Amino acid sequence: MRRMLRRMVGTLLALATILGWPVFASDYPNKPIKVISDSAPGSAVDVSFRMVMDRLGSVLGQQIAPIDQPGAGGAIAARAASESIPDGYTLFAPALSLFISLPGKAENLPLILPRDFLPVGSLAQLSVFICASPQSGIKTLPDLIARAKERPGEIAFAATGIGRITHLTGLLLEAGPASNCRRCPMPAAPRRPLLT
């Protein structure tokens, strides 16, 4: 975990270095840094993102303000980041799926992905799991595929948003062996605290 945090902080510092001339000044940063995310508050991406921002703030000796702007498959956050002054005080930390699904789909977005952003590195790696209720009898991916073929339209997969990695994973299954599944939209983050 410590090695991963060091890598993430290094990535963000590298990103900050290329975003504007003030980065090269000896007094950088001399004001808070905004980091825009396209993920929902409380989501796995958001929690990882905030851990890195907290550590980055300690390393830089400056406040890091994480700003969640979810929605529209990442287009809202991408627009906000692209309209920011390129002075090194606004960074953009989107989910990778944004660069896969958004190009060509958001006609009113005044930018082109990935041309208008320079990817510098990765902050975190999150896994996608395919799970089923223990009562379903589905224990493996082949079990799931067999059930989808046996009972067309009865298997649903949860996806947190159009174009998000959960949606794209479901589409991959639908396009191949589990073509009889249907999408069930889910909120990107818990509606209530998981711990009290």
Side-chain angles (χ1 to χ4, degrees), residues 1 4 7-8 35-53 66-81 92-109 111-115 117 119 121-196:
M1 179 70 163
M4 187 171 91
R7 220 173 77 211
M8 291 179 207
V35 183
I36 298 171
S37 168
D38 66 335
S39 298
S43 66
V45 172
D46 180 62
V47 171
S48 301
F49 168 67
R50 288 176 186 276
M51 287 171 44
V52 173
M53 295 310 107
I67 300 170
D68 294 313
Q69 294 197 328
I76 294 169
R79 179 186 289 254
F92 184 35
L96 179 60
S97 58
L98 172 96
F99 292 100
I100 297 168
S101 63
L102 200 55
K105 295 208 167 108
E107 295 173 12
N108 63 347
L109 195 60
L111 59 110
I112 298 172
L113 296 172
R115 183 202 70 190
F117 293 102
S122 176
L123 292 180
Q125 293 179 348
L126 302 172
S127 298
V128 175
F129 293 93
I130 298 176
C131 305
S133 167
Q135 290 82 17
S136 71
I138 297 171
K139 295 183 178 173
T140 65
L141 187 55
D143 289 348
L144 173 69
I145 293 166
R147 179 74 57 87
K149 289 178 180 177
E150 290 168 10
R151 300 180 189 171
E154 286 187 22
I155 302 291
F157 66 91
T160 56
I162 301 293
R164 304 303 286 189
I165 198 69
T166 52
H167 178 234
L168 297 176
T169 302
L171 290 179
L172 186 61
L173 279 172
E174 276 188 58
S179 61
N180 297 314
C181 294
R182 68 187 196 304
R183 181 177 160 275
C184 177
M186 299 295 286
R191 292 180 186 249
R192 61 178 185 256
L194 297 176
L195 300 172
T196 55

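Numbers for residues simply follow the sequence, beginning at 1. Given the structure is predicted, the values throughout are model-derived calculations rather than measurements.
With values rounded to the nearest 0.5 angstrom, Lys149 atom NZ is found 6.5 Å from Ile145 atom CD1. A distance of 13.5 Å separates CD1 of Ile67 from CG of Asp38, quoted to the nearest 0.5 Å.
Annotation: salt bridge (charged side-chain N to carboxylate O under 4.0 Å, His left out) contacts involving residues 122-142, sequence neighbours excluded, are absent.
For the side-chain contact (heavy atoms from CB on, under 4.5 Å) test, residues two or more places apart in sequence or in another chain that qualify with Ala81 are Ile36, Phe92, Phe117. The side-chain contact (heavy atoms from CB on, under 4.5 Å) search around Ile130 returns Leu141, Leu144, Leu173, not counting sequence neighbours. Not counting sequence neighbours, Glu150 has no partner by the side chain to side chain donor-acceptor pair (under 3.5 Å) test. The salt bridge (charged side-chain N to carboxylate O under 4.0 Å, His left out) check on Arg147 picks up nothing, with sequence neighbours excluded.
Val52 places none of its side-chain heavy atoms less than 4.5 Å from the side chain of Val35.
Among all heavy-atom pairs drawn from Ser37 and Ser39, the shortest one is OG-N, 3.1 Å. Here the shortest heavy-atom pairing between Val47 and Gly42 reads CG2-O, 4.1 Å.
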